[in-house]
Amino acid sequence: MKTHYLSMKLKLTLMFFSTSVFVFIGLGIAIQYLVQSHFYEEDRNQLTSNRTSISVLLQNKGITSTEIFSSLKSRGINVWITKKNGEQTQNTNVIANDDAFSPSKDLNEWTYNNYTFRTLYYPLNAHDEYTGLLIGINIDHHIQFNKKLKVILMWSISIASLLSFLYSFLIVSMGFKPLRSLQNQIKEVQPNKLHIRLSDERLPTELIEFARVQNQMLERLELGFQRLSDFSSDIAHELKTPLSNIVTQTQVTLSHPRSTQDYQDILSSNLEELERINKTINDTLYLAKSENDLLLKSNIHLDLVSLFEPIVEYYSIISEESDVTIRLSGKGILWGDKSMIQRIANNLLSNAIRHSAPNSSILIDIKESPNKVQLSISNTGDIIQEKDLPFIFERFYRADKSRRHSSSTGAGLGLTIVRSIVNAHNGKITVQSADTQTTFTVSFQK
């Protein structure tokens with residue numbers, strides 16, 4: 001079962017939204033903490049300042065505790081004074097918590113009859129009559145304020161989060177606009193419209209590289225489709241000619257009775273055409289396997305001189321008809337597939353013989369260095385035009401008419417097969433042709 005994931009737009013929107021929510025919540029917590037800290041410090045300062053005033057008043061024998069209590073009560077200050085005889089004097093009906101009379105640097109917070117107080121206790125060790133002073137204020141108004149602030153912050157965070165979600169969705173949608181533009185351009189690409197290229201105008205930097213890679217892919221696809229189209233056309237042409245010859249000769253032969261010798265001549269001619277078709281098909285299959293790494297390639301130690309000597313001897317017999325001599329020089333050792341390397345030599349040498357001038361020589365030179373082995377085959381005769389050099393390794397490609405010979409039975413696949421074998425051995429093949437001299441050079445890394 002195919003798994004469907006959330007869209008990138010929704011993911012990015014949720015990421016921005018969740019980040020905003022965390023920031024808003026953190027900001028709300030910080031505001032509430034700062035407000036509570038401010039109230040705490042205010043209460044502490046108020047209690048500390050009143051403690052100093054009360055201490056001074058208590059030292060004044062002319063002022064009674066009743067007068068002190070009355071003055072503080074009007075300012076919202078609650079006071080509890082403990083005497084040495086254990087009695088307690090206070091200006092409020094609130095009964096203080098026993099823990100509130102414990103000396104502490106921090107404010108003590110406690111509750112009485114649903115009222116919350118914040119108090120600070122001071123020992124009066126130097127006083128003759130009193131032993132301790134407890135000063136407190138009612139902080140219910142602070143608590144109510146914090147509750148209202150919390151509600152306001154919650155609503156503010158909720159509204160801000162909703163606006164953040166909508167804004168994030170809008171921003172992400174705008175950010176994906178270039179992608180939608182690319183998507184619309186890509187939709188226009190069809191098998192018959194592979195010439196279309198993606199425009200990188202008005203694209204962000206991150207998408208320019210993507211468009212460039214896509215264009216490179218389209219170029220490869222266009223080239224592949226073109227090569228496939230050319231291949232189909234070429235293979236049809238290569239097969240059509242011999243088949244037409246066979247059909248025509250057979251129809252003419254059957255038009256009226258002929259002698260046994262005539263039938264033998266027609267069958268021999270048809271056999272030549274069938275062999276040409278068979279060679280074309282075999283070469284095409286071999287090339288397809290080679291380019292798709294389907295050939296079983298061995299990797300053995302090859303002495304190139306011993307490998308090429310029988311091939312040179314064989315082709316020397318063929319080249320005698322045109323008085324072309326073949327010379328082999330140099331030496332080298334290579335790791336590779338024996339049959340494939342032999343096929344390289346066969347194809348290049350047969351090609352050189354076909355295009356060599358009479359009474360000329362073909363030179364096969366082998367050079368070995370610490371890093372590579374180089375094989376070159378040179379012949380004197382018809383040259384390859386400069387305009388044809390980039391294409392001679394393509395399927396079914398043939399140079400101009402000056403390099404076509406009636407003795408050639410190939411379909412234009414020989415050099416393509418050579419290149420595919422060289423590539424399979426991680427090698428490189430080049431060609432130079434000028435001043436009646438044509439040289440194919442094959443290099444293999446050791």
Side-chain angles (χ1 to χ4, degrees), residues 224-256 258-297 311 314-315 317-319 321-322 337-356 382 384 388 391-424 429 440:
F225 269 77
Q226 185 62 43
R227 290 180 62 183
L228 181 60
S229 177
D230 293 342
F231 173 76
S232 300
S233 176
D234 291 336
I235 194 67
H237 175 75
E238 291 296 331
L239 294 178
K240 179 182 179 180
T241 302
L243 287 175
S244 297
N245 293 339
I246 293 173
V247 171
T248 301
Q249 291 177 359
T250 302
Q251 288 175 341
V252 171
T253 303
L254 294 176
S255 62
H256 57 80
R258 297 180 183 275
S259 64
T260 302
Q261 184 61 42
D262 289 337
Y263 283 123
Q264 288 179 346
D265 291 341
I266 295 300
L267 289 175
S268 296
S269 177
N270 287 349
L271 180 60
E272 290 180 1
E273 298 294 346
L274 290 172
E275 287 177 345
R276 178 180 173 185
I277 294 173
N278 186 57
K279 184 178 185 303
T280 300
I281 293 174
N282 288 336
D283 287 347
T284 303
L285 291 175
Y286 186 91
L287 183 61
K289 290 181 179 180
S290 176
E291 290 184 343
N292 291 278
D293 200 21
L294 297 177
L295 292 176
L296 297 177
K297 186 182 73 171
I311 300 175
Y314 170 77
Y315 280 102
I317 298 174
I318 298 176
S319 64
E321 297 180 3
S322 55
D337 185 273
K338 181 178 180 180
S339 63
M340 289 185 178
I341 302 301
Q342 285 177 329
R343 188 152 191 170
I344 291 176
N346 279 318
N347 287 4
L348 291 179
L349 195 53
S350 63
N351 187 71
I353 292 174
R354 284 197 303 271
H355 302 292
S356 291
D382 300 330
I384 306 172
D388 296 318
F391 309 104
I392 60 172
F393 294 107
E394 298 297 327
R395 293 184 181 93
F396 301 107
Y397 186 83
R398 293 181 182 180
D400 58 13
K401 295 180 179 180
S402 66
R403 287 187 61 85
R404 293 186 182 178
H405 291 253
S406 59
S407 60
S408 176
T409 59
L413 292 174
L415 292 179
T416 310
I417 292 175
V418 168
R419 183 182 63 176
S420 66
I421 294 175
V422 171
N423 291 339
I429 183 170
F440 284 87

Can you tell me how far CG of Asn278 sits from CZ of Arg276, rounded to the nearest 0.5 angstrom?
13.0 Å
Return the CZ to OG distance between Arg354 and Ser319, rounded to the nearest 0.5 Å.
13.5 Å
If you measure only the distance, is there a donor-acceptor pair under 3.5 Å linking the side chains of Asn346 and Gln342?
no
Sequence-distant partners of Phe391, ring pair (Phe, Tyr, Trp, His ring centres under 6.0 Å), two or more places apart:
Tyr397
List the atom of Tyr286, the atom of Met340, and the distance in Å for their closest heavy-atom pair.
OH-CG, 3.5 Å
Specify the closest pair of heavy atoms between Gln249 and Ile266, including all atoms of both residues, with the distance to one decimal.
OE1-O, 4.2 Å
For Thr248 and Asn245, test the side chains for any donor-to-acceptor distance below 3.5 angstrom and give the result as yes or no.
no
Side chain to side chain contact (heavy atoms under 4.5 Å, CB included) assessment of Ile429 paired with Leu415
CA-CA 10 Å; Ile429 183 170; Leu415 292 179; 5.7 Å; no
Does OH belonging to Tyr314 count more than 12 external heavy atoms closer than 6.0 Å?
no
Interatomic distance, CD1@Ile353 vs CD@Glu321, rounded to 0.5 Å, equals 10.0 Å
If you take all heavy atoms of Asp337 and Ser339, which pair is closest and at what distance?
OD1-OG, 2.7 Å
Going by heavy atoms in the side chains, are Ile392 and Ile384 under 4.5 Å from each other?
yes
Thr284 and Leu413: side chain to side chain contact (heavy atoms under 4.5 Å, CB included), yes or no, with the steps?
CA-CA 7 Å; Thr284 303; Leu413 292 174; 3.5 Å; yes
Taking every heavy atom of Phe393 against every heavy atom of Thr416, the minimum-distance pair comes out as O-OG1, 2.9 Å
Show your working on side chain to side chain contact (heavy atoms under 4.5 Å, CB included) between Arg419 and Glu394 and close with a plain yes or no.
CA-CA 9 Å; Arg419 183 182 63 176; Glu394 298 297 327; 3.9 Å; yes
Apply side-chain hydrogen bond (donor to acceptor under 3.5 Å, both in side chains) to Arg343 and list each qualifying residue two or more places apart in sequence or on a separate chain.
Asp283
Distance check, rounded to the nearest 0.5 Å: Asp382 atom CG versus Ser356 atom OG?
8.5 Å
Pairwise distance CD(Gln264) to OG(Ser268) - rounded to 0.5 angstrom:
7.0 Å
Between the main-chain N or O of Val418 and the side-chain N or O of Asn347, is there a donor-acceptor pair closer than 3.5 Å?
no
Kindly give the heavy-atom pair with the smallest separation between Ala345 and Ile311, and that separation in Å.
CB-CD1, 3.9 Å
